[in-house]
2 protein chains.
Amino acid sequence: MTELDIAEVSHRAGVPASTLRYYEEKGLISSTGRRGLRRQYDPGVLERLALIALGRTAGFSLDEIAQMFAPDGRPRIDRRKLAAKADELDHRIRELGVLRDSLRHAAACPAPSHLECPTFRRLLDAAASGGVAAPGRRVPLR
Amino acid sequence: MTELDIAEVSHRAGVPASTLRYYEEKGLISSTGRRGLRRQYDPGVLERLALIALGRTAGFSLDEIAQMFAPDGRPRIDRRKLAAKADELDHRIRELGVLRDSLRHAAACPAPSHLECPTFRRLLDAAASGGVAAPGRRVPLR
DNA sequence: CATTGACCTCAAGTCGACTTGAAGTAGAAC
DNA sequence: GTTCTACTTCAAGTCGACTTGAGGTCAATG
């Protein structure tokens, strides 16, 4: 029997069983059957979970990820969506880069108060005018 | 009178009035008084809002940001915290860079299915082993 | 055959940052 | 002096991704 028990999947994928049930409810994964009450899974579910994890870190929502699987279970990833997400990431990366540099500067800046540091002020103005980033959708930090 | 009406602040800072009330409730900003019922603000609140926006985009929570103001209202930013956040950002930036490159590759990859693309598979394995990033705290995407 | 313990379901709770809705009020315009 | 309107308060709702808790079931172990 090559089937995996839910505990096995949970352990191997590093994902709580509750999450596996939740993903199943959302249609992201499916179990091949039950042994008694317990869900059994095809080993392929591990790959699928990896795909889901990947999508999450790229900033896709679970619903978006669900769209990425064809009814037959094979990934059907729209290359344009990937490219678009890559561009989005690129944008975000630049923003974060500016932010990081400014934070570093502010951390080292000799001005008595941050408000008196020109670099910090420039950053502030950018933030005020939405030049850096406005709070919006969220992506994982780590 | 140099005081600003809440509508004025809302408009100039690009922040809904409901958010201003919420921030006040959280102790992030304060109004100087009322004209009738309406909150009046010192123009300095705009700078403070910029500071808050900045903190948000850097990934600080509102509570953390609240800690960054001394009781007198002046920013009291711990330089070590800034440096730590910069390091965190740096880490995240690297991760996102890898992710972006891989997405771009996958978008252009000629393999019939992404699962057959070596680059994509490497990325998958990284995601599976937590090598890229595990979902956790959130920071603004844009 | 009885117990154990890990799984099951389903509803509800959590977290952060706000938003929304109902019901009220005061300054300003007519 | 009435009406208009933008504000006010306070409680409750929203969103996404899960987690938690109560009460139930079943394969395996002794």
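Naming: A, B, ... by sequence-line order, numbering from 1 per chain.
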Touch class at under 4.0 angstrom, heavy-atom based, for T19(B) against every strand present: sugar-phosphate

Touch class at under 4.0 angstrom, heavy-atom based, for A17(A) against every strand present: nothing

Between S31(B) and E24(B), a side-chain donor and acceptor under 3.5 Å: yes

Modelled atom types, side-chain donor and acceptor of T57(A) and E95(B), under 3.5 Å: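 Side-chain D/A pair, T57(A) to E95(B): absent.
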
Distance check needed: [N] [atom2] versus [X] [atom1], whole Å only.
| X | N | atom1 | atom2 | result |
| --- | --- | --- | --- | --- |
| I6(A) | dT25(D) | CD1 | P | 19 Å |
| L37(A) | dA6(C) | CG | C1' | 10 Å |
| I65(B) | dG16(C) | CD1 | C1' | 12 Å |
| D63(A) | dG16(D) | CG | P | 7 Å |
| Q40(A) | dA6(C) | CD | C1' | 13 Å |
| R35(A) | dA28(D) | CZ | C1' | 11 Å |
| E25(A) | dA12(C) | CD | P | 14 Å |
| L20(A) | dA17(D) | CG | P | 16 Å |

Taking OP1 and OP2 of [N], is either one under 4.0 Å from a side-chain nitrogen or oxygen of [X]?
| X | N | answer |
| --- | --- | --- |
| R56(B) | dC18(C) | yes |
| R39(A) | dC8(C) | yes |
| S18(B) | dT19(C) | yes |
| R21(B) | dT8(D) | yes |
| Y23(A) | dA17(D) | no |
| R34(A) | dA6(C) | no |

Among dA17(D), dC18(C), dC7(D), the one nearest Y22(A) by side-chain distance: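 That would be dA17(D).
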
Per D5(A) side chain, nearest of listed nucleotides dC8(C), dA17(D), dC7(C): dC7(C)

Is [X] salt-bridged to [Y], going by a charged N under 4.0 Å from an acidic O?
| X | Y | answer |
| --- | --- | --- |
| E64(A) | K81(A) | no |
| D90(A) | R104(B) | yes |
| R39(A) | D5(A) | no |

First of R38(A) and E8(B) reached from the 5' end of DNA chain D, by closest nucleotide: E8(B)

